[in-house]
2 protein chains.
Amino acid sequence: MNSRDPVSAKPSFKEQMLAAREEAIIQTVNRLLAEKGFDAMTVDEVAADVGIAKASLYKHFPSKEDLAAAAMARAMERACDFVAALPEDVAPRDKLKSVVRWTLEMQLAGQMPSLPSQNSSLRAALMGNVSYMDGLMRVSDQLGAWIESAQAQGTLNAALPPVAVLYTLFARACDPVVEFLKAGGQHSDEEIIGFVLSTCFDGLNSR
Amino acid sequence: MNSRDPVSAKPSFKEQMLAAREEAIIQTVNRLLAEKGFDAMTVDEVAADVGIAKASLYKHFPSKEDLAAAAMARAMERACDFVAALPEDVAPRDKLKSVVRWTLEMQLAGQMPSLPSQNSSLRAALMGNVSYMDGLMRVSDQLGAWIESAQAQGTLNAALPPVAVLYTLFARACDPVVEFLKAGGQHSDEEIIGFVLSTCFDGLNSR
DNA sequence: GTCTATAAATAGATAGAC
DNA sequence: GTCTATCTATTTATAGAC
């Protein structure tokens, strides 16, 4: 159990410093992605914000796309953790609601990164990031299972294909309505969350 | 009634050619904005697509932002026309539904331009474009009136602030769910429209 | 690994002839 | 107004010393 056994070895001080720096980088990227988006974010800016030279940044991540992918992977990990930590005894529909609420809270806190879905080089970097893909699959599988349960229980509209429901829930994580209502300044964060949750699950129609 | 009377004058051949060229430019920009978004669209590309030199493009529009704003203004005009052409005898809620359906059809046809909401220079160009601002106000006013009517009639959830409803409807015009479902290839355009309309107005919950 | 300095490429915008 | 050619700034990425 030493440095010759990389699996169980306790990380050395150097390794811890390295990990801490990468963590700082990812957090900065995460914030910038949430603030201004992928295209407007520059690598110079990231380096300056972290407080290291740009060349050092490229020792950790080989490209801007990989930088963004790492941040998305981290966000997906957090989503995974949240999903896994939900109490068992809650109805599947309410679990889905909790997840949406969580994504809305992240957005309002300026901590939800989002990427342009059209960029192909970015898609390649995302699909090449095993951590991201793993998290995405796990979250999708879990949400998909809850969706089907809720539809079987009659609490979720069974006329909708589960995948359409899944996409609709994912889309709430980058819903422009949140930022617009926030920019309006007329409503508290909790009110905004209530409105979006209501339109999402209850719809616009009167009941 | 000649060239000295610019208000009522019949446009000269030269003016018609100019207008036609600008129309071609705007249509190209519209398509590129729908395909790849503002950041990925380059001015070189626009010029090449239209078939003129880049410098010529800049004689018509002073910047890339103005180019995009012109395309958005045109799209807003079309929205205005559609809204104005809706039959009077339809219930307000169904008029709103028709408008959303129209935006979904535009998206599926690859003709709905969309801009990043974070870019500030872009916002300035948009707000400086009187045609766009005029169309935006007219559409917003009309939709707002229908929203309040529908809430008064009890067909739309009156617990939601009208502005939240308005934003939710606007957001459907750039809903990523549409492109994801389209990319999935499992559903027809009409099915996709049905799903999105259902989630928007009926919500995800079972009824 | 971190730094300074620089390369290499791209893209928005313009000069000046016609 | 349209063109070719060019400018200028920005940005991703790297070379090479320490």
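Below, all heavy atoms of this structure are taken into account, side chains as well, without hydrogens, waters or symmetry copies.
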*Asks:* Kindly state each residue pair satisfying ring pair (Phe, Tyr, Trp, His ring centres under 6.0 Å) with at least one member in residues 90-117 of chain B, sequence neighbours excluded.
*Replies:*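 Residue pairs with at least one partner in residues 90-117 of chain B: B:F82-B:W102.
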*Asks:* Rounding to a whole Å, what distance do you find between A:L57:CG and C:dT2:C1'?
*Replies:*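 About 12 Å, once rounded to whole Å.
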*Asks:* Restricting to pairs with a member in residues 36-71 of chain A, which pass ring pair (Phe, Tyr, Trp, His ring centres under 6.0 Å), not counting sequence neighbours?
*Replies:*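 Listed once each, the pairs would be none.
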*Asks:* Please report, rounded to the nearest Å, how far the C1' atom of D:dA13 is from the CD1 atom of A:I52.
*Replies:*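 The answer, rounded to whole Å, is 15 Å.
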*Asks:* Can you pull out every ring pair (Phe, Tyr, Trp, His ring centres under 6.0 Å) where at least one residue sits in residues 111-148 of chain B? Sequence neighbours excluded, please.
*Replies:*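 Pairs touching residues 111-148 of chain B that pass the test: none.
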*Asks:* What pairs with A:D94 under side chain to side chain donor-acceptor pair (under 3.5 Å), at least two apart in sequence or on another chain?
*Replies:*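 Scan of A:D94 (side chain to side chain donor-acceptor pair (under 3.5 Å), adjacent residues dropped) gives none.
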*Asks:* Do nucleotides 12-18 of chain C as a string where each nucleotide becomes B, S or -: B if the base has a protein heavy atom under 4.0 Å, S if just the sugar-phosphate does, - if no protein is that close.
*Replies:* BBBB---
*Asks:* Tell me every residue that passes side-chain contact (heavy atoms from CB on, under 4.5 Å) with A:P162, counting only those two or more places apart in sequence or in another chain.
*Replies:*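 A:P162 satisfies side-chain contact (heavy atoms from CB on, under 4.5 Å) with A:I147, A:E148, A:Q151 once adjacent residues are dropped.
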*Asks:* Given D:dG1, is OP1 or OP2 found less than 4.0 Å from the side-chain N or O atoms of B:S56?
*Replies:*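 B:S56 to D:dG1 OP1/OP2: no side-chain N or O under 4.0 Å.
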*Asks:* State whether the number of non-hydrogen atoms from other residues, nucleotides or ligands found under 6.0 Å of A:R78 atom CZ is greater than 12.
*Replies:*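 Count over threshold, so yes.
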*Asks:* Quick one: side-chain contact (heavy atoms from CB on, under 4.5 Å) partners of B:Q16, sequence neighbours excluded?
*Replies:*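 Scan of B:Q16 (side-chain contact (heavy atoms from CB on, under 4.5 Å), adjacent residues dropped) gives B:P11.
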*Asks:* Identify which nucleotide among D:dT2, C:dT2, D:dT4 has an atom closest to any side-chain atom of A:R21, counting heavy atoms from C-beta outward.
*Replies:*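 Looking only at side-chain atoms, A:R21 lies closest to C:dT2.
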*Asks:* Just the rounded figure in Å: distance from P of D:dA13 to CZ of A:F61.
*Replies:*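 Rounded to whole Å, this separation is 14 Å.
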*Asks:* Return the residues of residues 118-132 of chain B meeting this criterion: a heavy atom under 4.0 Å from some atom of DNA chain C. Order them by number, or give none.
*Replies:*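 Within residues 118-132 of chain B, no residue comes under 4.0 Å of DNA chain C.
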*Asks:* Please identify each residue that fulfils ring pair (Phe, Tyr, Trp, His ring centres under 6.0 Å) with A:Y167, with sequence neighbours left out.
*Replies:*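 Ring pair (Phe, Tyr, Trp, His ring centres under 6.0 Å) check on A:Y167 returns B:F180.
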